[in-house]
Amino acid sequence: MIELINTITMGLIVLIPLANPITTVALFIGLSSTMTKQEKNKEALNASIYVFLIIVLSFYFGQFIMKSFGISIPGLRIAGGMIVSYIGLRMLFPTKKEDEQQNQKSESIAFVPLAMPSTAGPGTIAMVISAASTVSSGQSDTPAWIIYVTSIAVPLILSVILWLCLRSADSIMKIVGRNGVDAISRVMGFLLVCMGTQFVINGVKEIIINFPN
């Protein structure tokens with residue numbers, strides 16, 4: 001039991017900084033300003049469920065999916081970076097047309113960008129697939145039952161943490177006000193563009209490093 005607790009703890013220590021729920025909360029605040037409380041709660045719950053499913057599926061089927069479609073980790077990083085940058089630019093430079101559309105109907109933001117790539121992004125997925133590869137190759141001395149329990153427990157705990165953080169976003173929005181939300185949205189947009197650019201840079205660097213001489 002002690003080994004199980006230690007393994008779960010180590011998994012959370014590795015994944016939480018990569019997932020960074022606080023960043024997702026700031027993004028959620030910026031994107032959900034026109035939503036009702038019920039819509040926000042629904043998006044928070046759905047985002048948490050999606051994160052759980054993405055991490056679990058990445059652990060058990062990530063290698064197979066990426067090999068089947070010929071997707072590399074650098075490719076995953078570059079694609080994720082482009083998506084993040086696009087979302088960031090829309091937040092940084094919103095058009096009047098987009099504002100009017102948001103006021104009429106709030107689009108779902110649970111899967112993109114909250115769950116992916118904000119929380120379960122390229123870094124998180126790459127780490128999970130790498131851990132699964134280590135286990136499948138027999139390089140891990142951890143008992144199989146602990147690995148199976150941990151592969152469910154860690155994503156579940158992470159998803160609950162994310163859900164609790166997103167649920168608190170409504171209180172934060174009341175404190176900062178409309179102008180504060182708009183400022184947070186633009187700041188997060190800028191940071192997302194920077195993050196997306198860095199994802200692309202990291203992906204290109206991996207390609208260059210691994211390119212055969």
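Every heavy atom of this structure was used, including side-chain atoms; hydrogens, water molecules and symmetry mates were not. Worth saying up front: this structure is predicted, and the values here are computed from it rather than measured.
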message = Could you report the tightest heavy-atom contact between Ser159 and Ser48, atom names first, then the distance?
response = OG-O, 3.1 Å
remark   = Closest non-hydrogen atoms of Ser58 and Ile125, given as atom of the first, atom of the second and distance, are OG-CG2, 3.8 Å
Would you say the side chain of [Y] lies within less than 4.5 Å of the side chain of [X], judging by non-hydrogen atoms?
X	Y	answer
Tyr60	Tyr148	yes
Glu43	Leu31	no
Ser151	Val135	no
Val128	Leu15	yes
Ser168	Leu164	no
Phe111	Asn46	no
Phe52	Ile152	yes
Trp163	Ile49	no

ask   = Under 3.5 Å, is there a donor-acceptor pair linking the side chains of Thr119 and Thr24?
value = yes
message = Side chains of Glu206 and Asn202 only: does a donor on one sit below 3.5 Å from an acceptor on the other?
response = no
note = With Thr150 as partner, the option from Ile5, Ile8, Asn6 fulfilling side-chain contact (heavy atoms from CB on, under 4.5 Å) is Ile8
query = Taking everything shown except Met66 itself, do over 12 heavy atoms lie less than 6.0 Å from its CE?
reply = yes
